[in-house]
Amino acid sequence: MSKGKMPPLVALRAFEATARHLSATRAAAELNVTLGAVSHQLRVLEDFLGTELFVRGHRQLSLTPGGAQYFDSVSGAFDALRSATRVLSHPTGKSTVRVRAYTTFSLRWLIPHLSDFYTRHKAVELVLSVSNAPVDFHRDELDCAIRMGPGEWPGCQADRLIPNLIAPVCSPALLGGLHTLKNPGDLKRYVLLQSNSNERKDDWPDWLASQGLDPFDTYNRLYLEGSAVAYQAAIEGHGVAMAQLPLVRQDLASGRLIQPLAGTLDRDNFTFYLIHPTHRRATSGLEQFREWLLGTCLTAS
């Protein structure tokens with residue numbers, strides 16, 4: 001390879017799409033060319049670079065160490081091109097920020113505060129997608145994401161958003177009969193509403209352990225698809241949910257939910273974070289969204 005010589009751009013585009021999908025077939029569909037054309041361009045690029053970029057197994061494709069390093073650099077350049085194209089071609093002249101967030105955080109935190117964001121930042125347009133799927137900024141069309149975890153995502157900057165203080169909550173109507181819920185031991189009389197999400201599966205077991213109570217599997221339990229569903233089930237009086245308190249603050253203030261027991265558990269650094277990739281430069285729109293979100297979380301938590 002000649003010093004300073006640019007690689008063939010058609011081949012580079014085929015490489016970026018194939019590495020992003022880890023599939024030459026999906027790359028061919030995206031680029032609207034044949035699989036043979038993609039395979040040919042990959043060979044052209046490897047010949048140009050003088051190194052193998054992929055490990056080609058039976059129905060499986062993976063990047064070599066050199067290919068992975070090259071993809072990290074190339075993908076950033078392609079992201080910058082896509083971003084510049086969106087800015088130039090956007091008819092409103094607004095900066096678009098693509099965000100992925102969990103359903104519960106979206107419904108109970110982000111969406112209720114969005115009117116304030118748009119009041120302050122009229123030149124930024126958010127595209128919000130809701131999913132619990134893992135995020136890969138090399139392959140997903142995203143600028144940032146709101147994820148739950150311990151605060152460390154490789155290749156990402158992570159900003160802590162809200163405290164993860166958890167405690168049991170329920171509808172006041174649930175306590176209107178003969179049963180009472182004045183002591184943690186009284187939970188044996190009720191159904192415990194448990195979120196099926198991996199991030200929340202330890203909330204009830206850990207809280208019960210912190211109170212010196214029996215293991216979770218000795219209680220009546222109802223498993224539900226996500227915290228948003230568990231909170232709604234609690235509001236409807238179907239049982240007692242373990243809630244991240246900042247996410248049910250409005251329900252507690254309105255009386256739709258109550259916190260019948262005083263004990264809380266702080267999950268510390270295991271909470272929601274705003275993450276964005278470090279391999280590409282943050283746009284002005286992303287910076288404005290980040291500053292607003294961190295400020296809102298700080299004042300409203």
* **C170 side, atom SG; H238 side, atom NE2 - distance, nearest 0.5 Å** => 13.0 Å
* Structure fact -> Here the pair of heavy atoms bringing P112 nearest to S106 is CD-O, 3.9 Å
* Is there side-chain contact between P184 and L213, with at least one heavy-atom pair below 4.5 Å? -> yes
* Identify, with sequence neighbours excluded, every residue that meets salt bridge (Lys or Arg N to Asp or Glu O under 4.0 Å) alongside E225. => none
* Tell me, do V127 and V99 make a side-chain contact under 4.5 Å, heavy atoms counted? -> no
* Structure fact -> To the nearest 0.5 Å, atom CG of D159 lies from atom CD of E291 at 10.5 Å
* Asked: In Å, rounded to the nearest 0.5 Å, how long is the span from CG of L293 to NE2 of H113?
  -> 9.5 Å
* Answer with yes or no after comparing the ring centroid distance for Y219 and Y190 against a 6.0 Å cut-off, counting only values under it. => no
* Structure fact -> Separation between CG (L22) and OG1 (T18), nearest 0.5 Å, reads 9.0 Å
* Among all residues two or more places apart in sequence or in another chain, which pass the salt bridge (Lys or Arg N to Asp or Glu O under 4.0 Å) test with D266? -> none
* Asked: Can you tell me if Q288 uses its side chain to pair, donor with acceptor, with the backbone of H121 under 3.5 Å?
  -> no
* May I ask you to decide if R200's main-chain N or O and S195's side chain share a donor-acceptor pair within less than 3.5 Å? => no
* **Steps toward side-chain contact (heavy atoms from CB on, under 4.5 Å) verdict (L208, L187)** => CA-CA 10 Å; L208 291 168; L187 286 168; 4.2 Å; yes
* When clusters are formed from ILVMFWY side-chain contacts under 4.5 Å, directly or step by step, what else is grouped with W153? -> V135, F137, L142, Y273, I275
* Should L45 and L42 be marked as a side-chain contact (heavy atoms from CB on, under 4.5 Å) after you check the CA-CA gap, both sets of side-chain angles, and the distance that decides it? -> CA-CA 5 Å; L45 184 61; L42 295 179; 5.7 Å; no
* Verify same cluster id: V229, F105 (apolar side-chain graph, 4.5 Å) -> no
* Output all residues satisfying salt bridge (Lys or Arg N to Asp or Glu O under 4.0 Å) with R13, sequence neighbours left out; order by chain, then residue number. => none
* Asked: If you draw a 6.0 Å radius around CG in D217, do more than 12 non-hydrogen atoms from other residues or ligands fall strictly inside?
  -> yes
* Asked: Looking only at heavy atoms, which two atoms of A230 and A241 are closest? And how far apart?
  -> O-CB, 3.9 Å
* Is there side-chain contact between Q259 and L245, with heavy atoms separated by less than 4.5 Å? -> yes
* Does any N or O in the side chain of W109 come within less than 3.5 Å of the main-chain N or O of I162, such that one atom is a donor and the other an acceptor? -> no
* **Atom of P260, atom of P168 and distance for their closest heavy-atom approach** => CD-O, 3.5 Å
* To do: Return yes if some donor-acceptor pair links the side-chain N/O of T278 with the main-chain N/O of G155 below 3.5 Å, else return no.
  => yes
* Asked: Under a 4.5 Å side-chain heavy-atom rule over Ile, Leu, Val, Met, Phe, Trp and Tyr, are F117 and I111 clustered together?
  -> yes
* To do: Rounded to the nearest 0.5 Å, what's the gap from CG on L107 to OG on S227? Could you check?
  => 11.0 Å
* Heavy atoms, side chains only, cut-off 4.5 Å: are W292 and V124 in contact? -> no
* Asked: Side-chain contact, heavy-atom cut-off 4.5 Å: T271 with R160?
  -> yes
* To do: Could you tell me which non-hydrogen atom of V44 sits nearest to which non-hydrogen atom of P8, and how far apart they are?
  => CG1-CG, 3.9 Å
* Can you tell me if CD on Q69 sees more than 12 non-hydrogen neighbours from other groups inside 6.0 Å? -> no
* Which atom names give the shortest non-hydrogen contact between G151 and A158, and what distance separates them? -> O-CB, 3.6 Å
* Is a salt bridge present between E16 and R20, judged by a nitrogen-to-oxygen distance below 4.0 Å? -> yes
* **H138 and S75 side chains, donor-acceptor separation under 3.5 Å** => yes
* **From CG (L31) to CG (L35), nearest 0.5 Å** => 11.5 Å
* **side-chain contact (heavy atoms from CB on, under 4.5 Å) assessment of Y70 paired with L49** => CA-CA 10 Å; Y70 194 53; L49 296 171; 3.6 Å; yes
* Hey, is CD on Q250 packed in by over 12 heavy atoms from elsewhere, all under 6.0 Å? -> no
* Asked: Out of curiosity, does L192 fall in the hydrophobic cluster containing L261 (side-chain heavy atoms, cut-off under 4.5 Å, transitive links)?
  -> yes
* Going by an N to O cut-off under 4.0 Å, is there a salt bridge joining R120 and D116? -> yes
* Asked: When hydrophobic residues are tied together by side-chain contacts of less than 4.5 Å, even through go-betweens, does F71 share a cluster with V55?
  -> no
* Where do F48 and M6 come nearest, in terms of heavy atoms and distance? -> CZ-O, 3.4 Å
* Does any non-hydrogen side-chain atom of L174 lie less than 4.5 Å from one of I258? -> no
* Just jot down the salt bridge (Lys or Arg N to Asp or Glu O under 4.0 Å) partners of D268, sequence neighbours excluded, or say none. => none
* Could R147 and Y102 be counted as a cation-pi pair, given that NZ or CZ must be under 6.0 Å from the ring centre and within 45° of the axis? -> yes
* To do: Taking the side chain as every heavy atom from C-beta outward, state whether V240 and V169 have any pair of such atoms under 4.5 Å apart.
  => no
* Restricting to pairs with a member in residues 206-215, which pass side-chain hydrogen bond (donor to acceptor under 3.5 Å, both in side chains), not counting sequence neighbours? -> K188-D214, D206-R267
* **Side-chain (Y231) to main-chain (G226) donor-acceptor, under 3.5 angstrom** => no
* Are the charged groups of R281 and E287 less than 4.0 angstrom apart, N to O? -> no
* Asked: Are R221 and F216 in a cation-pi contact, defined as NZ or CZ under 6.0 Å from the six-membered ring centre and within 45° of the axis?
  -> yes
* Does the side chain of L165 reach to within under 4.5 Å of the side chain of L265, using non-hydrogen atoms? -> no
* Should F272 and L128 be counted in the same cluster of Ile, Leu, Val, Met, Phe, Trp and Tyr side chains packed under 4.5 Å apart? -> yes
* **Check: L247 main-chain N/O paired with R108 side-chain donor or acceptor under 3.5 Å** => yes
* **Verdict with reasoning, M148 to N164, per side-chain contact (heavy atoms from CB on, under 4.5 Å)** => CA-CA 10 Å; M148 173 169 273; N164 196 356; 4.1 Å; yes
* Could you tell me whether R56 and E46 have a side-chain N and a carboxylate O separated by less than 4.0 Å? => yes
* Asked: Under 3.5 Å, is there a donor-acceptor pair between the side chain of R43 and the main chain of V38?
  -> no
* Report yes or no: does D143 contribute a side-chain atom to a donor-acceptor pair with the main-chain N or O of R98 at less than 3.5 Å? => yes
